[in-house]
Amino acid sequence: MSNTTATTFETPAAATPYGTLPPASPPASRKPVSLPRLADMHARGEKISMLTAYDATFAAMADAAGVDCLLVGDSLGMVCQGLNSTVGVSLDTMRYHTDSVSRGLRRVQGTAWLIADLPFGSYQESREQALRSATVLMQAGAHMVKLEGGGWTTETVRFLVERGIPVCAHLGLTPQTVHALGGYRVQGKGDAGALLKQHAHALQDAGAAMLVLEMVPAALAAELTAELKHCATIGIGAGKGTAGQVLVLHDMLGINLGKMPKFVRNFMADSSSIAQALEAYVRAVKDGSFPDDRLHAW
């Protein structure tokens with residue numbers, strides 16, 4: 001018999017295919033973002049950071065960068081599907097992408113709050129239709145659903161909230177009704193601001209916990225933010241006076257297929273990686289340096 005000692009080689013860990021998600025990460029250092037935590041951030045004046053996400057990998061990266069809320073926006077119609085507007089996005093498509101983002105967060109034990117858009121035609125018919133559509137997205141992993149418009153939507157919001165579904169409202173430029181608005185233009189100027197404020201207060205009273213304000217004058221958005229004590233405003237082209245900010249992920253990474261909107265800042269311009277750009281976005285929102293009303297607002 002040979003006296004040679006056998007050498008034991010450890011089998012290397014299998015590589016993750018296609019460079020996608022790694023195995024489950026260690027437990028996250030921050031506590032999961034919840035509705036009470038968002039309310040506490042709002043009450044304390046801590047800015048809420050939000051970005052869109054459409055797939056598992058970018059969702060995991062945004063969560064690791066400290067983004068508070070991820071929005072599976074129907075903007076995926078233009079960003080992912082190449083559509084001219086959000087109108088052609090189906091509920092099944094929203095379910096698919098919500099499921100993908102939710103899986104990405106679970107894989108890395110993510111802590112971000114997950115919001116999903118109710119797409120055009122999935123809630124306009126009735127409150128009951130809205131409930132069925134919201135159920136699809138909640139079962140896919142969403143923590144909250146978002147719907148557009150004021151006035152008639154108030155009772156839909158109340159109906160959903162009474163049934164345990166958190167709701168984010170959306171006023172100002174509402175992309176699903178862009179044709180009725182006459183294009184992508186600033187909303188709430190002059191006398192129209194009074195109606196927008198009326199709708200915002202009604203949505204808060206109906207139970208909406210968050211309110212996206214898109215392309216509205218900065219002064220109006222700041223006034224509403226001060227008035228709405230129980231509904232956190234999230235601005236996009238609405239100035240720095242809101243309770244938080246949201247951007248389309250691809251816009252803030254400088255990879256928009258069309259003209260970059262005025263309210264966007266390209267965070268990749270001064271970053272060496274996507275991870276750094278995401279972290280820079282969170283810092284800029286939190287410290288109030290983004291947006292700059294002189295550059296990004298009306």
Enumerate donor-acceptor pairs with a distance under 3.5 Å from any side-chain N or O in residues 69-84 to protein atoms, sequence neighbours excluded.
unit_1: Asp74; atom_1: OD2; unit_2: Gln176; atom_2: NE2; d: 2.7
unit_1: Ser75; atom_1: OG; unit_2: Tyr54; atom_2: OH; d: 2.6

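- By the salt bridge (charged side-chain N to carboxylate O under 4.0 Å, His left out) test, Asp292 pairs with Arg294, sequence neighbours left out.
- The hydrophobic cluster analysis finds Leu257 isolated: no Ile, Leu, Val, Met, Phe, Trp or Tyr side chain comes under 4.5 Å of it, directly or through other members.
- The side chain to side chain donor-acceptor pair (under 3.5 Å) test applied to Ser133 returns no partner, not counting sequence neighbours.
- Cluster note: Val87 groups with Phe120 through ILVMFWY side-chain heavy atoms spaced under 4.5 Å, whether in direct contact or through intervening members.
- Residue pairs that meet the salt bridge (Lys or Arg N to Asp or Glu O under 4.0 Å) test with at least one member in residues 185-194, sequence neighbours left out, do not exist here.
- Residues passing the salt bridge (charged side-chain N to carboxylate O under 4.0 Å, His left out) test with Glu223, sequence neighbours excluded: Lys197.
- Applying the salt bridge (Lys or Arg N to Asp or Glu O under 4.0 Å) test to residues at least two apart or on different chains, the pairs with a partner in residues 143-167 are Asp117-Lys146, Glu155-Arg158.
- The salt bridge (Lys or Arg N to Asp or Glu O under 4.0 Å) contacts involving residues 39-62 comprise Asp40-Arg44, Arg44-Glu46, Glu46-Lys286, where partners must be two or more places apart or lie in separate chains.
- Under the salt bridge (charged side-chain N to carboxylate O under 4.0 Å, His left out) criterion, Asp270 pairs with no residue at all, not counting sequence neighbours.
- Shown here are the side chain to side chain contact (heavy atoms under 4.5 Å, CB included) partners of Ser273, two or more places apart in sequence or in another chain: Ala275, Gln276.
- Taking Asp251 as the reference, nothing meets the salt bridge (charged side-chain N to carboxylate O under 4.0 Å, His left out) condition, with sequence neighbours excluded.
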